Amino acid sequence: MTKGKQENKYTFFDDVFEVVKLIPKGRVTSYGTIAKYLGTKMSARMVGWAMNAAHADKKIPAHRVVNRNGMLSGKHHFETPTAMQERLEKEGVEVSKDHVQDFKKLLWDPAIDL
DNA sequence: GGTCTGACCGGCG
DNA sequence: ACGCCGGCCAGAC
C-alpha cells in the first residue's frame, strides 16, 4: 500500500481553494484563519502559497484574503497593485491605505459561517 | 536529490 | 513597545 494512490496529496491546496471560493461577497478573511480552520494554524504561509496557484483560477477571490492585520499584503501579486483594493471596494469593502476598514467586522470565519 | 524561498503567525528578548 | 526568530508544507532550481 505504500505505493497506492496519491489522492490525498492535494488536501491542503484543495481545501484552501474550497474555503476561499466560499468567501461571501463583501467579506474578507485572513490566511491564519483559513489555516486554523484546516487545522494547521502554523502553516499560514502555505495558504498564501496556495493563493499563488489560485491566481491561475479566476474563480478564486484571492483579493478577499488578507493577512491578520487586514492589510492587502498580496495586492502586489495581482494584475495591478491596486486591483485588489478596487475589487474590494467594488464589493462594498472599505479599504484605506491598503488595509481593510472594520476588518474585525468583515472578517469571515469559515468555522462560524459554516 | 538536496536546498531555499514563499501573499504568514505567534512567541520571546 | 518594537524587533527578531522559528515553524509549517509544498513547489522551483
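Please read these numbers as outputs of a predicted model, since none were measured by experiment. Note on naming: letters A, B, ... go to the chains in the order of the sequence lines (proteins, then strands), and numbering restarts at 1 for each one.
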Inset, instruction - Look through every strand shown and name the nucleotide pairing with B:dA7 as Watson-Crick or G-U wobble, where both distances are under 3.5 Å. - result: none

Inset, instruction - Under a 3.5 Å limit for both distances, which nucleotide forms a Watson-Crick or G-U wobble pair with B:dG1, could you say? - result: none

Inset, instruction - For the pair A:R64 (side chain) and A:I23 (backbone), establish whether a donor and an acceptor sit closer than 3.5 Å, ignoring hydrogens and angles. - result: yes

Inset, instruction - Starting from C1' on B:dA7, measure out to CD on A:Q85 and report it in whole angstrom. - result: 16 Å

Inset, instruction - Whole angstrom is fine here: how far is it from CE in A:M71 over to C1' in B:dA7? - result: 11 Å

Legend entry - Donor-acceptor contact below 3.5 Å, side chain A:T33 vs main chain A:D109: no

Inset, instruction - Answer yes when A:K105 and A:E94 have at least one side-chain N-carboxylate O distance shorter than 4.0 Å, and no when they do not. - result: no

Inset, instruction - Identify the two heavy atoms, one from A:F103 and one from A:N67, that lie closest to each other, and give their separation to 0.1 Å. - result: CZ-O, 3.7 Å

Inset, instruction - Kindly say whether, by distance alone, the side chain of A:R45 makes a donor-acceptor pair under 3.5 Å with the base of C:dC8? - result: yes

Inset, instruction - Keeping the roles fixed (side chain from A:H55, backbone from A:H77), state whether a donor-acceptor pair exists under 3.5 Å. - result: yes

Inset, instruction - Quickly, which of A:K75, A:M71, A:M84, A:H99 forms a side chain to side chain contact (heavy atoms under 4.5 Å, CB included) with A:V66? Name it, please. - result: A:M84

Legend entry - Side chain of A:H55 (C-beta onward), nearest among B:dA7, B:dG6, C:dA10: B:dA7

Legend entry - Student check: side-chain heavy atoms of A:T29 and A:L107 closer than 4.5 Å: yes

Inset, instruction - Select base, sugar-phosphate, or nothing to describe what A:T40 touches, counting heavy atoms under 4.0 Å on all strands. - result: nothing

Could you write out each protein N or O paired with an N or O of nucleotides 9-12 of chain B at a distance under 3.5 Å?
from: B:dC9; atom 1: OP1; to: A:R68; atom 2: N; distance (Å): 2.7
from: B:dC9; atom 1: OP2; to: A:R68; atom 2: N; distance (Å): 3.3

Legend entry - Between P of B:dG6 and CZ of A:F12, the distance in whole Å: 19 Å

Legend entry - Nearest-angstrom distance from the residue atom CD1 of A:I23 to C1' of B:dA7: 13 Å

Inset, instruction - Take the protein atom CG of A:D14 and the nucleotide atom P of C:dG11, then report the distance between them rounded to whole Å. - result: 12 Å

Legend entry - Gap between atoms CG and C1', on A:N52 and C:dG11 respectively (whole Å): 10 Å

Legend entry - Atom-to-atom span, CZ of A:F17 to C1' of C:dA10 - whole angstrom: 12 Å

Legend entry - Whole angstrom value for the distance that separates P of B:dG6 from NE2 of A:H76: 13 Å

